[in-house]
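For reference, the structure discussed in these notes is given below.
Residue numbering restarts at 1 for every chain, and letters A, B, ... go by the order of the sequence lines.
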There are 2 protein chains.
Amino acid sequence: MLPRGMKAGAKMAVTLKDVAKKAGVSPATVSYALRGGQYVSPATMKKVMKAAKALGYTTNMSARSLRYGKTKIIEVVVHELDIPYYYSKLAATAVPAINREGYQALVLQTGLDAGNVKEAVDGISNQICDGVILNATGIDANEIKRLSMNRPTVLLDDCTPEPVLDTVMTPNREGARIATRHLIEQGCRSVAAVGIGYVSPTAIGVQVGTSKERFEGVREALAENGMGLTERQCLACDWLVEPGREIAHQLADVGMPFDGLFCASDSLAFGLIRGFADRGIRVPDDVLITGFDGISLGEYTVPSISTVRIDMKDLVDKAIRLLLDRIDGIYDGEPRREVAGYDFVVRGSSTRA
Amino acid sequence: MLPRGMKAGAKMAVTLKDVAKKAGVSPATVSYALRGGQYVSPATMKKVMKAAKALGYTTNMSARSLRYGKTKIIEVVVHELDIPYYYSKLAATAVPAINREGYQALVLQTGLDAGNVKEAVDGISNQICDGVILNATGIDANEIKRLSMNRPTVLLDDCTPEPVLDTVMTPNREGARIATRHLIEQGCRSVAAVGIGYVSPTAIGVQVGTSKERFEGVREALAENGMGLTERQCLACDWLVEPGREIAHQLADVGMPFDGLFCASDSLAFGLIRGFADRGIRVPDDVLITGFDGISLGEYTVPSISTVRIDMKDLVDKAIRLLLDRIDGIYDGEPRREVAGYDFVVRGSSTRA
DNA sequence: CTGAAAGCGCTTACAG
DNA sequence: CTGAAAGCGCTTACAG
């Protein structure tokens, strides 16, 4: 008995009604039985279970969600799963943490283009999940506000001065400051920032974002030590492996003008190490390098990568807590902002033997 | 007007009915208008659009799916997203490919335990998606059969002699053979297989799996050149970075008895390179190494990793094609099995300058 | 302990 | 071109 106008599927799924008929009880009783047996006699229970198993019944989640008003799904939206390695680590950490709270986790990959993120969240997320954890980079505040109309949303690393939604921040400025300070302590006197665009004094109050915060951190550490941060020292590029390699080549070709490099990501550091190896420049003998993120692979490169290691578990736990507080109606006030824990890990890339 | 027994959510979502009331038309008309405007006058169209926008309406996917009988979602089940780097690459490749077919892609992470895979597929997938792409390692054929009762499923790398479901294979045996042959051509006379358990002649017809296939490939290449493959040459371990490092340490500690190492994964090769560096053993000067998978990072290690590179795009395309043929009812016959394309990439880890 | 009934939000054949 | 109605599969308060 198809609904009017519905096409027959190749294979109709088994429904509660089918199980009820087979077990000789009402659908209501089947529902009660399947959901743990409250109000159901042991004998009925047994009949129902047997029938359900025999027919291979599984709950139609669309129907349950529609009825229940909740999906028990939390979505994790990341840009790229195969960027080594921040996002895959984020997703991998978030999934079991979400499961522990009794929710299913769905990972959504949007690609690096900000437009796709909008679309992705608009699209599937419509109402297929109860909440979203979303890396906000590249979407503006209005857009974010609009997205949140439908469901609780926690942002990651949204640097907007006035937060519009709950956010978990990475320690951009502090991390950059500590890493740069470390380079100076190791004796560097000519430091550059890889992956960081120069921010002019007039733009400093206007510009917003992760890169700008890290710029500030680097600048502060240099200033503490009587050094400046000029345009020449800022080597803007995407935070990926290949750009790191290219920058290493460029630096080698102009005679390696720096003795310390703060990298905005471990992937960049990874690429730099490779690029310097191509040109016979030795890390850490000829130049010291620090990364950012704390991807696990950084422990295994040769040399291994000193890094600002984000406590991914802490980040994820905080995001989930913020989200559940909204979903469960425990908190309904102004947007809150938290900062993920981190530590600085000293490894081979920034220490001379 | 809540359904009986339903608790009020913190925030009721906007429904078709709300839009209809606001626009002064019927819900049916709103539905038609929102779905492209067939049968709807331009004036009505405009009114509806305006009302929908004003209220921030989005479709309730649970309801639509329930009505439509399809979810337009394909699920990709992987073990671990942050294992460098096969699974994240798989997921990252599959998502846009699935989107191109007009489906949403959901990535599900199960962890390395086979029990979790069952649970994951049982659980969320119930009927929230139209099809599943699933790495089968560690689940037996009966289980797989049962899982597939509910929806079309494509397996990855299921080595069961009689396929129970559509499968895309990686070229396990051929890849291992070619890599090993390459090591021999480069002059290796004492080759070991890392990550591969020894398979005795009596077990060879019985044992099933990826590892066994690769064992066979290695054995064949060695046999072609008059060499054998004994238990001593098989160093079984998980295909991860840390085990690779540990094996390197062990080999170094017993005086490095091999001059060529076939690794079952690039991650293993990655760890070996690191472990040998710890002990002053040089790759490729002292020992040649080949990997398997073709993860992008293998290009950036020092030395870079020679590898059997799986054509991930081809693998994913084949999996999606098999799946869509089932979903769309284009094919309904015996399980089909395809092999993903691949090539062997020669890099620094297996070539002496 | 069990069943009949209502309703979640949507879509579409049908009647106007 | 538009609206009233049926029904997707499920859950639960209510009546028995």
Measure [atom1]/[X] against [atom2]/[N] and give the value in whole Å, please.
| X | N | atom1 | atom2 | result |
| --- | --- | --- | --- | --- |
| A:Y39 | D:dC14 | OH | C1' | 11 Å |
| B:N60 | C:dT11 | CG | P | 10 Å |
| B:L16 | C:dT12 | CG | C1' | 13 Å |
| A:K17 | C:dA5 | NZ | P | 13 Å |
| A:L34 | D:dC10 | CG | C1' | 11 Å |
| B:M45 | D:dC1 | CE | P | 12 Å |
| B:K47 | D:dG3 | NZ | C1' | 13 Å |
| A:L66 | C:dC8 | CG | C1' | 4 Å |

Distance between [atom1] atoms of [N] and [M] (Å, rounded):
| N | M | atom1 | answer |
| --- | --- | --- | --- |
| D:dA15 | D:dT11 | P | 22 Å |
| D:dA6 | D:dT2 | P | 23 Å |
| D:dC10 | D:dC14 | P | 23 Å |
| C:dA13 | C:dG9 | P | 23 Å |

Is the distance from OP1 or OP2 of [N] to the nearest side-chain N or O of [X] less than 4.0 Å?
| X | N | answer |
| --- | --- | --- |
| B:T29 | D:dG3 | yes |
| B:R67 | C:dC8 | no |
| A:T15 | D:dG9 | no |
| B:S41 | D:dC1 | no |
| A:T44 | C:dT2 | yes |
| B:Y68 | D:dG7 | no |
| A:R64 | D:dT11 | yes |

*asked:* Is the terminal nitrogen or CZ of B:R336 (NZ for Lys, CZ for Arg) located under 6.0 angstrom from the six-membered ring centre of B:Y331 and within 45° of that ring's axis?
replied: yes
*Provide the Watson-Crick or G-U wobble partner of D:dA4, both distances under 3.5 Å; none if there is no partner.*
none
*asked:* For the residue pair A:S41 / A:T44, report whether a side-chain donor-acceptor contact shorter than 3.5 Å exists.
replied: yes
*asked:* Using modelled atom types and a 3.5 Å cut-off, is there a donor and acceptor pairing between side-chain atoms of A:N135 and backbone atoms of A:V78?
replied: no
*Pair of N/O donor and acceptor under 3.5 Å linking D:dA13 base with A:Y32 side chain*: yes
*Could you tell me whether A:E101 and A:R321 make a salt bridge, using a distance below 4.0 angstrom between a side-chain N and a carboxylate O?*
yes
_How about NZ on A:K72, more than 12 heavy atoms from neighbouring residues, nucleotides or ligands closer than 6.0 Å, or not?_
yes
*Nearest nucleotide by nearest heavy atom, which residue falls closer to the 5' end of DNA chain D, B:P27 or A:P27?*
B:P27
*Would you kindly compare A:S31 and B:A63 by the position of their nearest DNA chain D nucleotide and give the one closer to the 5′ end?*
B:A63
*Can you tell me how far the CE atom of A:M169 sits from the OG1 atom of A:T210, to the nearest 0.5 Å?*
6.5 Å
